[in-house]
Trainee: 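Quick one: the structure is below, and I'll ask about it shortly.
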Amino acid sequence: MRWRHPVFVCLISALSLVPAASEEAGVSVRDAWVRETPPGVTMMAGYMELRNNTSRSQVLLAASSSGFDRVMIHRTVVKDGMAGMAHASQIELAPSASFIFAPGGYHLMLMNPRRTLRAGDPLVINLEFRGGLVLPVAFQVRK
Ligand SMILES: [Cu+2]
């Protein structure tokens with residue numbers, strides 16, 4: 001089975017080190033996950049809780065992942081009873097504040113997966129903050 005391949009196991013151990021690095025940078029990320037979708041679906045959504053551990057505001061400007069053609073910051077909006085999505089150009093985190101991306105609200109819109117992601121698969125999404133900080137975050141694929 002592919003999971004048992006030594007190179008793949010090595011990749012998983014490297015990814016498990018990612019959260020520690022995120023905390024050193026002053027912004028920590030908790031509960032980062034992506035909802036599994038049926039094969040052929042061209043968009044997936046990612047959720048997480050961001051926390052600013054510094055005394056300065058931090059601004060999330062963009063995100064990217066080698067697993068997708070494009071990652072955008074979106075917000076679910078309901079207008080005239082219809083749910084739609086709006087692009088958010090940035091997310092500002094006040095000092096010591098948390099910001100939650102959750103179903104029905106803000107999400108990372110993951111466009112055109114480059115491979116099929118199944119529950120349990122590793123996935124890294126890079127979060128890009130103002131000032132040049134880039135945090136690689138390990139997301140968990142869940143059912
Ligand atoms: Cu969206």
Side-chain angles (χ1 to χ4, degrees), residues 1-3 7-143:
M1 211 172 121
R2 219 178 145 194
W3 278 97
V7 172
F8 208 63
V9 169
C10 209
L11 176 66
I12 293 167
S13 356
L15 292 179
S16 65
L17 298 174
V18 165
S22 310
E23 291 183 28
E24 282 166 27
V27 177
S28 51
V29 182
R30 283 183 38 194
D31 202 25
W33 66 285
V34 166
R35 197 198 297 276
E36 187 189 63
T37 54
V41 172
T42 58
M43 285 194 289
M44 298 176 80
Y47 308 104
M48 61 185 166
E49 180 177 336
L50 292 177
R51 183 169 171 80
N52 179 1
N53 301 312
T54 72
S55 53
R56 290 175 289 123
S57 54
Q58 303 285 343
V59 183
L60 175 66
L61 296 175
S64 64
S65 172
S66 62
F68 297 88
D69 284 351
R70 194 163 183 212
V71 181
M72 299 177 78
I73 302 169
H74 275 184
R75 174 168 65 94
T76 300
V77 287
V78 179
K79 195 181 169 193
D80 302 328
M82 298 280 288
M85 294 187 289
H87 176 69
S89 57
Q90 60 178 45
I91 300 290
E92 181 155 359
L93 287 160
S96 303
S98 294
F99 191 95
I100 296 174
F101 286 69
Y106 281 85
H107 53 276
L108 292 176
M109 194 89 254
L110 312 167
M111 319 288 290
N112 301 324
R114 292 179 181 156
R115 62 189 163 90
T116 303
L117 288 166
R118 292 266 148 251
D121 286 353
L123 170 69
V124 172
I125 298 176
N126 299 304
L127 303 179
E128 300 165 22
F129 292 84
R130 180 178 290 162
L133 170 67
V134 178
L135 283 187
V137 177
F139 278 67
Q140 187 185 47
V141 181
R142 295 184 192 162
K143 290 234 179 259

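Everything quoted here is computed from the prediction, not taken from an experiment. Whatever order the structure lists ligands and atoms in, that order sets their numbers, starting from 1.
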Trainee: With a cut-off of 2.8 Å, which protein N/O/S atoms are close to the Cu ion (ligand 1), if we only count those under it?
Mentor: His74 ND1, Met85 SD, His107 NE2, Met109 SD

Trainee: Check whether any side-chain heavy atom of Glu92 lies under 4.5 Å from a side-chain heavy atom of Phe99, and answer yes or no.
Mentor: no

Trainee: With a 3.5 Å distance limit and no angle check, can you tell me whether Asn52 reaches the backbone of Ala94 through a side-chain donor-acceptor pair?
Mentor: yes

Trainee: Donor-acceptor check, side chain of Ser98 to backbone of Arg51, threshold 3.5 angstrom: yes or no?
Mentor: no

Trainee: Do you know the tightest heavy-atom contact between Ala88 and Tyr106?
Mentor: CB-CE2, 4.0 Å

Trainee: Using the six-membered ring wherever Trp is involved, compare the ring planes of His107 and His74 and label them parallel, tilted or perpendicular (cut-offs 30° and 60°).
Mentor: perpendicular

Trainee: Does the Gln90 side chain pair with the main chain of Val59, one donor and one acceptor, at a distance under 3.5 Å?
Mentor: no

